[in-house]
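Throughout, protein chains are lettered first and strands after them, A, B, ... in sequence-line order, and every chain is numbered starting at 1.
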Number of protein chains: 2
Amino acid sequence: MVNHFDRQLNLAFGARAHPIRCGILARLFEGEASIAELARPLRVSAPAISKHMRILEEAGRLSRKTEGREHRCRLEPKRMKDAEGWIEQHRTFWNERLDEYLKAFQ
Amino acid sequence: MVNHFDRQLNLAFGARAHPIRCGILARLFEGEASIAELARPLRVSAPAISKHMRILEEAGRLSRKTEGREHRCRLEPKRMKDAEGWIEQHRTFWNERLDEYLKAFQ
DNA sequence: AAAATGATTAACCATTTAGTTATCTATAAA
DNA sequence: TTTATAGATAACTAAATGGTTAATCATTTT
């Protein structure tokens, strides 16, 4: 049986949990952006964005390509799809267990 | 348009993100437990469990009934179902946006 | 070649988080 | 009724988080 509370899920949840990281994801749905372009509307410094970017990249939600001195950040659709599929599996698992639970206790 | 990164989702994610809280949820899938019974296998003090319980209760994932001096903790199936439904909505949203994104960029 | 720009890294600081032990309250057992 | 037990709360500490500014590196512009 899979461990349903493993690091990968925690990472995905943790990555999304911070408002600045949510802001980054939301912004990138509109299209690519550089670090500076992400920083400006979120009212934080570039180093702050840089750190959040690393977390989101490690969680497999973002990627970047370096164009000269600019880093163009974008959503990583394939890996995002994977993550969402992953969550979907867990959702199913939870619902099944909840059904059991409901039968047993109510 | 709904704000898809709102407090409720962050709370649900945050609540699940900590290993001890994951451990509590996993344990309660096996059935009810007291604070002490939760604490023992997780190798932390009762006050530590007490704090995590509060977070999980506020996130609507657990409830307890007081039986004498014991607190019987259990999953809160209805509210869990709500939370999962909530996540399901978001999953759908994300997939739709991802499809748009894929069409636009690939 | 020098200056300016985009981003990372380093060093630092404040806040939050998560744990502990000690104390207190309520219930159960002696 | 005294003692023991379950749990909450308080006070404290250590570690993690998230931010800043300053320094550095690479690229672009002048």
Exercise for review: Round to a whole Å and report the spacing from CD of B/E70 to P of C/dA29.
Suggested key: 11 Å

Point to revise | Beyond-backbone contact of A/H71 with A/S34, side-chain heavy atoms, under 4.5 angstrom | key: no

**Study point:** Whole-Å distance separating the CG atom of A/L56 from the P atom of D/dG18
**Key:** 11 Å

Exercise for review: Could you tell me whether B/S34 contacts a base, only the sugar-phosphate backbone, or nothing, with contacts defined as non-hydrogen atoms closer than 4.0 Å?
Suggested key: sugar-phosphate

Review point. At what distance, to the nearest 0.5 angstrom, does CD1 of B/I20 lie from CG of B/L42?
Key: 5.0 Å

If you restrict it to nitrogen or oxygen atoms, what contacts under 3.5 Å exist between nucleotides 26-29 of chain D and the protein, and what is each distance?
residue, atom, partner, partner atom, Å
D/dT27, O2, A/R69, NH1, 3.4

Practice item. Round to the nearest Å and state the distance from B/R54 atom CZ to D/dA10 atom C1'. Key: 13 Å

Exercise for review: Rounded off to whole Å, could you give me the CG-to-P distance for the A/L38 and D/dG19 pair?
Suggested key: 13 Å

Check your understanding: In whole Å, what is the span from the CD1 atom of B/I35 to the P atom of C/dA26?
Key -> 18 Å

Point to revise | Nearest-Å distance for atom pair CD/P, residues A/E37 and C/dG6 | key: 10 Å

Review point. Side chains of A/H52 and A/V44: closer than 4.5 Å at any heavy-atom pair?
Key: no

Practice item. Measure the distance from CD1 on A/I49 to P on D/dG19 and round it to the nearest whole Å. Key: 8 Å

Point to revise | CG on B/L56 to OG on B/S63, rounded to 0.5 Å | key: 11.5 Å

Review point. Could you give the CG-to-P distance, from A/L42 to D/dG19, as a whole number of Å?
Key: 10 Å

Exercise for review: Mind checking the CD1-SG spacing from B/I35 to B/C73? Nearest 0.5 Å is all I need.
Suggested key: 4.0 Å

Practice item. Only one of B/K65, B/R64, B/E37, B/R27 passes side-chain contact (heavy atoms from CB on, under 4.5 Å) with B/E32; say which it is. Key: B/K65

Point to revise | Value rounded to 0.5 Å, distance of CD1 in A/I49 from CZ in A/R21 | key: 11.0 Å

Exercise for review: Taking the side chain as every heavy atom from C-beta outward, state whether B/R74 and B/L62 have any atom pair closer than 4.5 Å.
Suggested key: no

Close N/O contacts between protein and nucleotides 16-23 of chain C (under 3.5 Å):
residue, atom, partner, partner atom, Å
C/dG19, OP2, B/H52, NE2, 2.4
C/dG19, N7, B/K51, NZ, 3.0
C/dG19, O6, B/K51, NZ, 2.6
C/dT20, OP2, B/S45, N, 3.0
C/dT20, OP2, B/S45, OG, 2.5
C/dT20, O4, B/K51, NZ, 3.3

Check your understanding: Do the non-hydrogen side-chain atoms of B/E70 and B/R72 ever get within less than 4.5 Å of each other?
Key -> yes

